[in-house]
There are 2 protein chains.
Amino acid sequence: MILRIDLSSQVPIYQQIRDRVVEAVAAGELAQGSPLPSTRQLAADLGINFHTVNKAYDLLRQEGLLILNRKTGAVVQRDARTGPPPAGFADEWAARLRTLLAEAVAQGLDGPEALAACRAALTTFAGGVVDVTDQGEQA
Amino acid sequence: MILRIDLSSQVPIYQQIRDRVVEAVAAGELAQGSPLPSTRQLAADLGINFHTVNKAYDLLRQEGLLILNRKTGAVVQRDARTGPPPAGFADEWAARLRTLLAEAVAQGLDGPEALAACRAALTTFAGGVVDVTDQGEQA
DNA sequence: CTCTTTGTTCTATAAGTAATAGAGCAGAGC
DNA sequence: GCTCTGCTCTATTACTTATAGAACAAAGAG
């Protein structure tokens, strides 16, 4: 698990860590049961404080993507989560999606271009996109 | 221009104002030249400080969506912007899109469902989505 | 010419967040 | 015993968010 973070970014470090893990899970790079480095280890690797990693892991646990305990360390919980997504996740997510897409449209991207960008991003994830334009399974 | 903001949200007020304006521009509710209320007026309507509105308007100006001056007030700049989107906008936007989509996939949404959500969001904007599945212009 | 409204700028304050740091504890492995 | 693990606690520094009040120049209305 190689984690690239940008210390000069405006995005908080703990958020970047969370984002990279979420993407790795979606891409299938981190499957069910995959171990993540310990908070102290990852902090040392990235040259940051272990409390910052702790915050990222805690966030991921709240989202149901990580299980933490002293025995097993931090392991990915992709399938068979203890509970479904937090209540209201779908609505809140759709609202954020709409805002993000609106941003691109307002900047001059048209509908089909934006949709193509969505399809392109999704094809980088496990399972890909099974679309009417290419019926064959590509996963 | 009715602006709904949630004072109890975790999202900063100035960010909510920006987001709603961006969505209104994308949806075509705010066309080129549309006036926005003055910072003091909108602040009074929303029951917040005018500095907060000022920050939102300033953000929108930096993004090239708003022109501010003493003569005309705040007017929407959708087309014929002074400059194209800030350098690197497309890449940065695509990265945020990927993170957002990854979040949904990691939470159990599959590719086609996520893409459908994107299409649904885009159809609420001006121009809509002209897809291979429905060739007819719907704008 | 007043009076008001506009965008804009300045300082200031209180509350919260982000990141750092150090110390400590309980459970598990060697 | 020693080390490593997740976890918790306090603490500090810097930045962000939102508030507030004051002031200025340019424009419009009366």
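Scope of the values below: all heavy atoms of this structure, side chains included, with no hydrogens, waters or symmetry mates. Letters A, B, ... mirror the listed sequences (proteins, then strands); counts begin at 1.
- To the nearest angstrom, C1' of dG16(C) lies 10 Å from NZ of K55(A).
- Under 4.0 Å is where a charged nitrogen must lie from a carboxylate oxygen, and between D58(A) and R61(A) at least one such pair does.
- The salt bridge (Lys or Arg N to Asp or Glu O under 4.0 Å) test applied to D45(B) returns no partner, not counting sequence neighbours.
- Rounding to whole angstrom units, CD1 of residue I48(A) and P of dA18(C) are separated by 14 Å.
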Any N/O pairs under 3.5 Å between the protein and nucleotides 28-30 of chain C? List them or say none.
none

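- The residue N69(A) sits close only to the backbone: its heavy atoms come under 4.0 Å of sugar-phosphate atoms, none of a base.
- Residues forming a side chain to side chain donor-acceptor pair (under 3.5 Å) with S9(A) (at least two apart in sequence, or on another chain): none.
- At the phosphate of dT6(C), OP1 or OP2 sits under 4.0 Å from a side-chain N or O atom of S38(B).
- Atom pair L68(B):CG and dT6(C):P shows a separation of 13 Å (rounding to whole Å applied).
- Inter-residue side-chain proximity for D110(A) and V105(A) is flagged as unmet; no heavy-atom pair is nearer than 4.5 Å.
- At least one donor-acceptor pair closer than 3.5 Å links the side chain of W93(B) to the backbone N or O of L100(A).
- Summarising the geometry, the separation between CG on L46(A) and P on dT20(C) is reported as 10 Å, rounded to the nearest angstrom.
- Of the two residues near DNA chain D, H51(A) and Y57(A), the one whose nearest nucleotide lies more 5' is Y57(A).
- Taking atom CG on N49(A) and atom P on dG22(C), their separation rounds to 9 Å, with Å as the unit.
- Under a 4.5 Å side-chain heavy-atom criterion applied to ILVMFWY residues, the cluster that includes L59(A) comprises Y14(A) as well.
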**Prompt:** When Watson-Crick pairs (N1 to N3 and N6-O4 or O6-N4) and G-U wobble pairs (N1-O2 and O6-N3) count only below 3.5 Å on both distances, what is the dot-bracket string of DNA chain C, with | for other-strand pairs?
**Reply:** |||||.|||||||||||||||||||.||||

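- Considering only residues two or more places apart in sequence or on other chains, R96(B) meets the salt bridge (Lys or Arg N to Asp or Glu O under 4.0 Å) condition with E103(A), E92(B).
- Nucleotide dG24(C) holds its P atom 14 Å from the CZ atom of R40(A), rounded to whole Å.
- As a whole-Å value, the separation of N54(A) CG from dT20(C) C1' is 14 Å.
- Of the residues in residues 10-19 of chain A, those lying under 4.0 Å from DNA chain C by heavy-atom distance are P12(A), I13(A), Y14(A).
- T72(A) comes within 4.0 angstrom of nothing in the nucleic acid, heavy atoms only.
- For S34(B), there are no side chain to side chain donor-acceptor pair (under 3.5 Å) partners, not counting sequence neighbours.
- Annotation: side chain of N69(B) is in contact with side chain of T72(B) (closest heavy-atom distance under 4.5 Å).
- For the salt bridge (Lys or Arg N to Asp or Glu O under 4.0 Å) test, no residue two or more places apart in sequence or in another chain qualifies with E113(B).
- In this structure the side chain of Q16(A) reaches within 4.5 angstrom of the side chain of I5(A), judged on heavy atoms.
- One atom, CG of L36(B), and another, P of dG7(C), lie 10 Å apart when rounded to the nearest Å.
- Checked against side chain to side chain donor-acceptor pair (under 3.5 Å), E23(B) has the following partners two or more places apart in sequence or in another chain: R98(A), T99(A), R20(B).
- First and last contacts of DNA chain D with chain A, using any nucleotide atom under 4.0 Å from a protein heavy atom and ordered 5' to 3', fall at dT5(D) to dC9(D).
- Side-chain contact between I48(A) and L7(A): present, with at least one pair of heavy atoms (C-beta onward) separated by less than 4.5 Å.
- Contacts of Q15(B) classified as side-chain contact (heavy atoms from CB on, under 4.5 Å), with partners at least two apart in sequence or in another chain: V11(B), P12(B), R18(B), D19(B).
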